[in-house]
There are 2 protein chains.
Amino acid sequence: MATGRTHRPATRSRGIPEATVARLPLYLRALTALSERSVPTVSSEELAAAAGVNSAKLRKDFSYLGSYGTRGVGYDVEYLVYQISRELGLTQDWPVVIVGIGNLGAALAGYGGFASRGFRVAALIDADPAMTGKPVAGIPVQHSDDLEKIIEEDGVSIGVIATPAGVAQQVCDRLVAAGVTSILNFAPTVLSVPDGVDVRKVDLSIELQILAFHEQRKAGEESNAEAEAEAEAETAAAAVAPPAPRGTTGGAGRKGPDGDVPAVMPA
Amino acid sequence: MATGRTHRPATRSRGIPEATVARLPLYLRALTALSERSVPTVSSEELAAAAGVNSAKLRKDFSYLGSYGTRGVGYDVEYLVYQISRELGLTQDWPVVIVGIGNLGAALAGYGGFASRGFRVAALIDADPAMTGKPVAGIPVQHSDDLEKIIEEDGVSIGVIATPAGVAQQVCDRLVAAGVTSILNFAPTVLSVPDGVDVRKVDLSIELQILAFHEQRKAGEESNAEAEAEAEAETAAAAVAPPAPRGTTGGAGRKGPDGDVPAVMPA
DNA sequence: ATGTCTTTGTGAACGCGTGCACAAAGATGG
DNA sequence: CCATCTTTGTGCACGCGTTCACAAAGACAT
C-alpha cells in the first residue's frame, strides 16, 4: 500500500465504507480481465481469488452496492463491470493534469492504466522553460505560467503532483485556487489543503521502509530463535551508535547536542 | 494511500501494530527535516502537525517503541531519528534490485528518497537486450539473464517490479527463487508468492479511481441537494448504458472497452 | 411440482485502530 | 525544597472492518 488517505477521515461516503471503495478498483481490474476472456459469469469465490481477497469480504463489499448477484450462479461479469464503474464514477470523463514532468511525471503520462479507466491526460505542466512544447508520451508539455488557464478551460478537477518536494505545496495551492478539488501527491511532503479538497499520497520510499521493517524482523527471528531476543538489543545498539536519550541531569553520559547520529542522511 | 498490504494479514510484528509501522516513515521524514534545521527537541503536538497526524496517535505510536520522550519537554530529535531508523531497520544497508527499466523504473532508479534512507540500488535489470549496458541514473542496466547471479552475489533481499503486468508474475517467481523475500510491486497484477515472502503493491491508477469516487460524490451532492438523489439513479443510468443484469446466452455484448493491459512500458 | 444443490447476502461476534481524557513525570522558578 | 506548569504515556471506550456461519434464494434435474 502505497497509500494513505489524508483528508476525510472516517466519513462513510454515501453509505459505502472507505475500505470497500479502496477495493472496488481491484475487483474492477479482475472483472475486466474476465470480460476480455469473454467469461460470462463468475462466483464470489473465483473473483475473490483473482482479486487477492477473501470471498466473504468481497460479497460484503458488493452488498453495499446492491444485490447484483444471482444465488446459485454468481455475478454477471459485464453487468458488474458496469455497476462498479458507475459507482466509482468512471463512466464519465475525468480530465487530469500532471504537474512536474520529470522521470516520474513522464512515466505517469504514458501510463496506460489511466486512459483505460476514463482518465484523460488533459495537460502536462512543467516549470522548466526548456521543456515547454516538448512532447512527452505524445502530449506537448506546457509551461506552468498557464496552469490556471489550462485548468479552467478544461474544467479539470483532478491534479497529479510529481514535482520536487520543495515546490509541491505552492503547486498545490495554485491547483486548488484554480479549481482542482482532488489531488494525487507523489512528492514526499504533507500538503495542507482547505476543506472540501481530497488529497491522496503515494510515497515510493515509505513502502520500501515498511518492507525493510518486516525484512529485518524476519532476519532477526531466524537468528535469535530463543527468548534472549526479547531483551531489547538496546545495549548492543548503544555500543554501536548511542545518542544520549536526553541531556539528563546527573549522568556523565555523553550528552550530544548534535552527536554524530547515525545514518539517515538528509534527503 | 496508494497502498495495500498483501501477505501477512494482521500479524502484529513484534508487538508493533501494522498501522504504526506504516506511520513511522512519516515521522522519520518530519524528524529529519527538523534535524536539518538543527531543532533540538520537538513536542508531540508540533511533530504531529508536521507529519499530518493526530498528536494522541503519535504518542501512542511512540509508546510502542519505548519511552523516548521527556515529560514537560518533548522528544529529542536526533535520538528519535535514530530510534525510529533502528526500528525500521534503516541503520543497515539494503541492496535493492529494480526489474523493468521503463519510464517508471528509471524514475525509481533516480529517486533520491531511496539512497537517503539506507536503500542502495544494487542493480537495474531489463529484458530488452538493447538496454543492456546503457546507464540509467548512473547505473548500467543489466540483462535479465543475469538476474539470479546478481541477486545471489549481492545478497539482495528486496526486489522492485516495474515491468508490464504480463511478465510480473514470472519475474516475481525468479526473484523469489533466487532468494528475494520482500517485493514492491508496481505492476497492476496480484502476485502469488510462497509463505514468508512479503509483497506490497503500489497501483497508480487505483489511487485516481478512489479520488474519482469522492469527486463524483462531491459533484453529486451539490447538484442534488434534496432527497431525490437518494433514490438510485438506476433508471437514468440504465438509459445511458444498460448491460442486462444477466446477459444470459444472447448478448455477448460489449467487450471490455479498455485494453486493460497496463503499460509501464518496458523500454 | 418437488427436491436437491449451489451460491449469495447478511446478522452477529470479534479484533484492531483511534481518540479522549487524565494521572504521572519531570522541568522550571521561587 | 516546594509549588506550578508543561507534556508525556496510557487506560478506556467507541467505531470501523473483517470473518464466520447460516438462512434464503434461485438454478437445475427429475
Side-chain angles (χ1 to χ4, degrees), chain A residues 1 3-6 8-24 26-27 40-49 51-77 79-80 83 245-251 255, chain B residues 1 4-6 8-24 26-27 40-49 51-77 79-80 83 245-249:
Chain A
M1 177 170 105
T3 296
R5 47 180 96 65
T6 305
R8 193 174 298 276
T11 314
R12 284 209 175 188
S13 310
R14 171 62 173 284
I16 300 183
E18 267 300 308
T20 295
V21 173
R23 279 188 295 268
L24 290 182
L26 234 57
Y27 303 143
T41 62
V42 64
S43 71
S44 64
E45 204 74 48
E46 294 165 333
L47 183 55
V53 303
N54 168 307
S55 72
K57 192 185 295 185
L58 178 142
R59 285 199 302 275
K60 177 141 292 199
D61 283 343
F62 286 174
S63 79
Y64 291 116
L65 307 185
S67 287
Y68 294 146
T70 306
R71 298 177 190 224
V73 175
Y75 299 91
D76 181 274
V77 172
Y79 185 60
L80 202 47
Q83 288 299 342
R246 174 76 180 119
T248 71
T249 46
K255 148 188 192 331
Chain B
M1 120 181 138
R5 44 180 100 65
T6 305
R8 191 176 300 278
T11 314
R12 284 210 174 186
S13 310
R14 173 61 173 287
I16 300 182
E18 269 299 308
T20 295
V21 172
R23 279 188 295 267
L24 290 181
L26 233 57
Y27 303 143
T41 62
V42 66
S43 72
S44 63
E45 204 74 48
E46 294 166 333
L47 184 54
V53 303
N54 169 307
S55 72
K57 192 185 296 185
L58 179 143
R59 286 198 302 276
K60 179 145 292 195
D61 283 342
F62 286 174
S63 78
Y64 292 116
L65 307 184
S67 286
Y68 294 145
T70 305
R71 298 177 189 226
V73 176
Y75 299 92
D76 182 274
V77 171
Y79 184 60
L80 202 47
Q83 288 299 342
R246 178 93 174 83
T248 65
T249 49

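Note that the structure is predicted; figures quoted are calculated from it, not measured.
Per the geometry, CG belonging to B:Asn54 stands 12 Å off P belonging to C:dA21, to the nearest Å. Going from atom CD of B:Glu45 over to atom P of D:dG9 covers 14 Å, rounded to whole Å. Rounded to whole Å, the distance from CZ on A:Arg23 to P on D:dT19 is 9 Å. Look at NZ on A:Lys57: it is 20 Å from P on C:dG11, rounded to the nearest Å. At whole-Å resolution of the value, CG in B:Leu65 and P in D:dT10 are 12 Å apart. Remark: P of C:dC16 and CG of B:Asp61 are 16 Å apart, rounded to the nearest angstrom. Atom pair B:Arg59:CZ and D:dG11:P shows a separation of 14 Å (rounding to whole Å applied). Distance, A:Tyr75 OH to C:dT7 P: 12 Å, rounded to whole Å.
Taking CG of B:Leu80 as the start and CG of B:Asp76 as the end, the distance is 8.0 Å to the nearest 0.5 Å. Note: A:Leu47 CG to A:Leu26 CG = 9.5 Å, rounded to the nearest 0.5 Å. Taking OG1 of A:Thr70 as the start and OH of A:Tyr75 as the end, the distance is 9.5 Å to the nearest 0.5 Å. Remark: B:Tyr27 OH to B:Leu58 CG distance equals 4.5 Å, nearest 0.5 Å. To the nearest 0.5 Å, the span separating OG on A:Ser43 from CZ on A:Arg59 amounts to 9.0 Å.
Proximity of the aromatic rings of B:Phe62 and B:Tyr68 is defined here by a centroid distance below 6.0 angstrom, and this criterion is not met.
Counting distance only, with no hydrogens placed and no angle test, the side-chain atoms of B:Arg71 and the base atoms of D:dT7 include no donor-acceptor pair under 3.5 Å. Side-chain to base pairing of B:Lys60 with C:dG17: no donor and acceptor N or O lie closer than 3.5 Å to each other.
Among the atoms of the strands shown, none is found under 4.0 Å from any heavy atom of A:Phe62.
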Determine which bases of DNA chain C form Watson-Crick or G-U wobble pairs with both distances under 3.5 Å, and write the result as a 5' to 3' dot-bracket string with | for other-strand partners. ||||||||||||||||||||||||||||||
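Of the side-chain N and O atoms in B:Ser44, none sit less than 4.0 angstrom from OP1 or OP2 of D:dT7.
Two residues are said to be in side-chain contact when any heavy atoms from C-beta on lie closer than 4.5 Å; A:Gln83 and A:Leu65 fail this criterion.
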